[in-house]
Amino acid sequence: MQNLLHNLNPEQLAAVTLPAQSALILAGAGSGKTRVLTTRIAWLIQTGQVSPGGILAVTFTNKAAKEMMSRLSAMLPINTRGMWIGTFHGLCNRLLRAHHRDAGLPQTFQILDSGDQLSFIKRLLKANNIDDEKFPPKTLMYFINSAKDQGLRAAQVDAYDDFNRKMVGLYDLYDAQCQREGVVDFAELLLRTYELLSRNQPLREHYQERFRHVLVDEFQDTNDLQYKWLKLMAGAGNRRAGAVFAVGDDDQSIYAFRGANVGNMSAFEREFEVKNLIKLEQNYRSHGHILDSANILIANNSKRLGKNLRTDAGHGELVRVMEASSDIQEANWIIEEAKSLIREGSLRSEIAILYRSNAQSRVIEHALFTANIPYRVYGGQRFFERAEIKHAIAYLQLMDNPHNDSAFLRVVNFPTRGIGARSIEQLQDAARAQGSSLYAAVRHVGGKAGTSLANFVKLIEGARFETQNLPLPEMVKIVLDLSTLITHYQTEKEGADRIENLEQLVNAATLFVSEEGFGKEAPAFSGPASSAAVLLENGDGTAIIDADAALPTLMSPLSAFLSHASLEAGDNQAQAGQDAMQLMTVHSAKGLEFDAVFITGLEEGLFPHENSAQEESGVEEERRLMYVAITRARKRLYLSFSQTRMLHGQTRYNMRSRFFDELPEESLKWLSPKIQPSWFGNSKKSAWDDAPIEESNRIAQQMTRQSPSMTWRIGQGVAHPKFGEGVIVNIEGSGTNARAHINFGQFGMKLLDLSVAKLEKI
DNA sequence: CACGACCACATTTTT
DNA sequence: TGTGGTCGTG
């Protein structure tokens, strides 16, 4: 134990050894948050305060859950079993499998990922003759998900106008259809579990009694439903209440757009009567100037719990700032700087290039490609999202749950087997008439269509029969064969990669089986009755299995694997392993760290993004995003922006981001002359004027529209007494009629008479 | 049913 | 600009 606690700083130690009461840990970036979380668990167990089975630790990502798990098994020589560590969704899946009957779900319910959900909705709209212009599938999906994220069923949603009433109606239809097909979406996993536990008293009390310590990672990212879920799990307020140990950082809350509610942090403090609030402010990651920048920037936000990071690492290098004349020049500058870092011995994988939106990566990728520097882009397509994998999975889904119409439609004619649109239509009519799934309706379709459909059903049945006693990887192999997916891709020109991926699917199944303890031989699964894990009884004497029974007891290997495919989309394995520079959005950089970080495109409209600029809360979230970006850097930080940028096929003229004005002057080193607004006096010329003559001329030629005075040109920076700094974006008319569209950033776009407006060049 | 033409669309994302 | 989706034709 001495070992366990040694090397913790006083705040960390205090957090780890808190008494068994609810606590809120405000953990700044790079303050050793995961360490505190895992050490807390290990300490609780080692001091005998709780058995592993009394631990529930919740994360948002599989990666975080795995990280916690592996650190824990390094700390605790034996006991990681029995602890519940996982994502909200993973844990809910487990609970719903164990209690599927009480939750009103088939044992083999399947999980829709967001792609599946969208096509499901499109199908729903079509089946109900809804105009998808008036009710766009994406809008409906957003509507449904945000309702569920707030814990609301259709009946509970407040429909205040016709449009909303219609959406609510569609939400209801959607849920009914999901129920018929035996599928649940991501939000449903949580909502169902929540409803299950709130309605089922014995079950609720069982878990509340069991989980003495509930630990939550990234608490600032919880949505309303997740918060309610936690309250229920922990038994907040009742005799059985467990202690909730919530770790989060309000300054790193960047997911409001998907329902995260930072307000949960203060709600938690209040509702759980938190007496122990500990701030982890010692930063072990970044050098001084970088940390100062982060601190001073975030101080501009009003709604904060309040926190200031400090470091012992010394000031380190200044933050370098570059103003480029174009996005291309910006990219080239990054590459020059990166090259010199590499020359000085830096690893490429220790250099990250961050941007606000994915569209910005193209130019940078192009420059990297031209310079022959290996790079890796995050956020690409993941393994289980690839089309060929989805197809193979759909066959497996049909074998496990034939009522999954989405899976049916995906592969009924893929590879093609002569089942065209009209056959499908016939089938859909039959299914509607029968009130059944497509699969079940096949026998009601006659004629030629009926025959080919029946053959498809035979294919699925045959696959099921042939594989019923085989281990999962064998099963997958046979399905790939019987479905003729492999043969189909062999005839395709681009098929080689796809075949390779399909073969990887067999490997994935092998790996899954060994990791989840399904064993290589015949599946252990034989239904709940055989389980030794029966712990309690329902009122009517039926058994309830605790959901921590071994996975093979809760579900078949196939069901488990299909859940796994939905819940863990896998890596995007592009260029993995190589020493490559890292390109990603600021969002996906959260939780990572690098020796050197470039934050690019720091322009008004881009970062902060224009869509966020309407409300103050939007700007504050952008600022937190910037805070996250800055705190990714250990030793070197580079900030860049550009006067010109190609976006959506059009050249944009942006002003530099307001964030520059919120950073400490003394920590910055401007590599290009900083332009000062002229009314402050002490005006400096634009870096643009320092560009090589040819470049300036080229740009000038491109931008100049005839204007008799020739005084104003597009791209010219201007200063206005009221609106401050701006950039001329367009000029219309000429002579005394000439008017200019000027982008004043925070003041927006203005149309000003050039002969009247009091403009100064800057 | 495969392919090409055309059009709308374009923060951020994990489960 | 560049992609993804839908539609019409061979």
Side-chain angles (χ1 to χ4, degrees), chain A residues 58-65 86-93 111-119 122 126 132-133 136-138 142 145 148-149 184-191 193 217-218 221-223 225-226 253-260 327 354-363 365-366 378-382 384-385 387 413-423 491-493 563-572 584-591 601 605-614 618 621-622 624-626 628-629 645-652:
Chain A
V58 196
T59 65
F60 279 85
T61 65
N62 294 301
K63 197 177 155 195
T87 63
F88 279 102
H89 296 85
L91 296 169
C92 287
N93 181 44
I111 303 166
L112 301 177
D113 68 26
S114 2
D116 299 334
Q117 191 188 14
L118 187 62
S119 31
K122 284 182 184 167
K126 216 167 263 173
D132 58 2
E133 301 263 284
K138 283 207 176 117
Y142 179 79
N145 288 339
K148 289 191 180 185
D149 284 346
V184 299
D185 58 48
F186 286 133
E188 183 72 23
L189 284 170
L190 279 132
L191 185 49
T193 309
D217 191 18
E218 306 278 15
D221 288 337
T222 52
N223 63 34
L225 178 55
Q226 285 158 338
S253 159
I254 55 173
Y255 285 111
F257 71 93
R258 66 178 200 211
D327 46 357
L354 311 186
Y355 32 81
R356 173 68 240 264
S357 63
N358 288 302
Q360 289 165 251
S361 77
R362 183 165 291 116
V363 179
E365 284 187 65
H366 177 80
Y378 276 63
Q381 207 185 26
R382 274 127 23 126
F384 284 105
E385 285 167 353
N413 198 33
F414 190 93
T416 53
R417 45 179 72 90
I419 300 172
R422 58 207 173 278
S423 307
T491 62
E492 279 219 331
K493 38 193 184 318
S563 308
H564 169 80
S566 298
L567 292 175
E568 288 195 52
D571 292 333
N572 66 325
M584 67 195 86
T585 63
V586 180
H587 281 92
S588 32
K590 193 179 156 205
L606 251 195
F607 199 180
H609 196 274
E610 50 204 354
N611 296 1
S612 312
Q614 312 309 331
E621 176 139 329
E622 295 288 305
R624 291 193 291 269
L625 203 45
M626 182 65 183
V628 167
R645 181 175 302 275
M646 206 54 151
L647 198 66
H648 308 326
Q650 265 174 340
T651 309
R652 307 217 334 183

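All chains are named by letter (A, B, ...) in the order of the sequence lines, taking the proteins before the strands, and each is independently numbered beginning at 1.
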**Item:** Close side-chain approach of A/N145 and A/Q117, heavy atoms under 4.5 Å
**Value:** yes
**Request:** Let me know, please, whether A/T61 or A/H648 comes out on the 5' side of the other along DNA chain B by nearest nucleotide.
**Result:** A/H648
**Message:** Quick one about A/Q360 and A/S357 (side-chain donor to acceptor, distance below 3.5 Å, no hydrogens or angles considered), yes or no?
**Reply:** yes
**Message:** A side-chain contact here means heavy atoms from C-beta on lying under 4.5 Å apart; do A/D185 and A/K148 qualify?
**Reply:** yes
**Prompt:** Would you call A/L567 and A/L189 a side-chain contact if the rule is heavy atoms closer than 4.5 Å?
**Reply:** yes
**Message:** Any base atoms under 4.0 Å from A/N62, or only sugar-phosphate, or nothing? Heavy atoms, all strands.
**Reply:** sugar-phosphate
**Prompt:** What is the per-nucleotide protein-contact pattern of nucleotides 2-10 of chain C, from the 5' end, where B denotes a base atom under 4.0 Å from a protein heavy atom, S denotes such proximity for sugar-phosphate atoms only, and - denotes neither?
**Reply:** SS-------
**Fill in**
Note: for A/T87 and A/R356 on DNA chain B, the residue whose nearest nucleotide lies more 5' is A/R356
**Item:** Contact check, side chains of A/L606 and A/Y355, non-hydrogen atoms, under 4.5 Å
**Value:** no
**Request:** For A/N413, answer base if it contacts any base atom (sugar-phosphate contacts may also be present), sugar-phosphate if it contacts only those atoms, and nothing otherwise; contact means non-hydrogen atoms under 4.0 Å.
**Result:** sugar-phosphate
**Item:** Side-chain heavy-atom pair A/D132, A/K122 within 4.5 angstrom cut-off
**Value:** no
**Request:** Look at all strands and tell whether A/Q117 reaches a base, only sugar-phosphate, or nothing, counting heavy atoms closer than 4.0 Å.
**Result:** nothing
**Prompt:** Checking all strands, does A/F257 fall into the base, sugar-phosphate, or nothing category for heavy-atom contacts under 4.0 angstrom?
**Reply:** base
**Request:** Classify the nucleic acid contact of A/S588 as base, sugar-phosphate or nothing, counting any heavy atom under 4.0 Å across all strands shown.
**Result:** sugar-phosphate
**Message:** Just to be sure I understand the rule, does A/T416 reach a base, reach only the sugar-phosphate, or reach nothing, if contact means heavy atoms closer than 4.0 Å?
**Reply:** sugar-phosphate
**Where chain A begins and ends its contact with DNA chain B, read 5' to 3' at 4.0 Å from heavy atoms** = B/dC1 to B/dT15
**Asked** Under 30°, 30 to 60°, or over 60°: which ring-plane class applies to A/H564 and A/F384, parallel, tilted or perpendicular?
**Response** perpendicular
**Message:** Say we look at C/dT6 and B/dT11: how far apart would their C1' atoms be, to the nearest angstrom?
**Reply:** 25 Å
**Asked** Just checking A/N358: base, sugar-phosphate only, or nothing, at a heavy-atom cut-off of under 4.0 Å?
**Response** sugar-phosphate
**Prompt:** Looking across every strand, which nucleic acid part, if any, lies under 4.0 Å from A/Y255 by heavy atom: base, sugar-phosphate, or nothing?
**Reply:** sugar-phosphate
**Prompt:** With a 4.5 Å limit on heavy-atom distance, are the side chains of A/T59 and A/E218 in contact?
**Reply:** no
**Rounded C1' spacing from C/dG5 to B/dT12 in Å** = 23 Å
**Message:** What I'd like to find out is whether the side chain of A/R356 reaches to under 4.5 Å of the side chain of A/H587, using heavy atoms alone.
**Reply:** yes
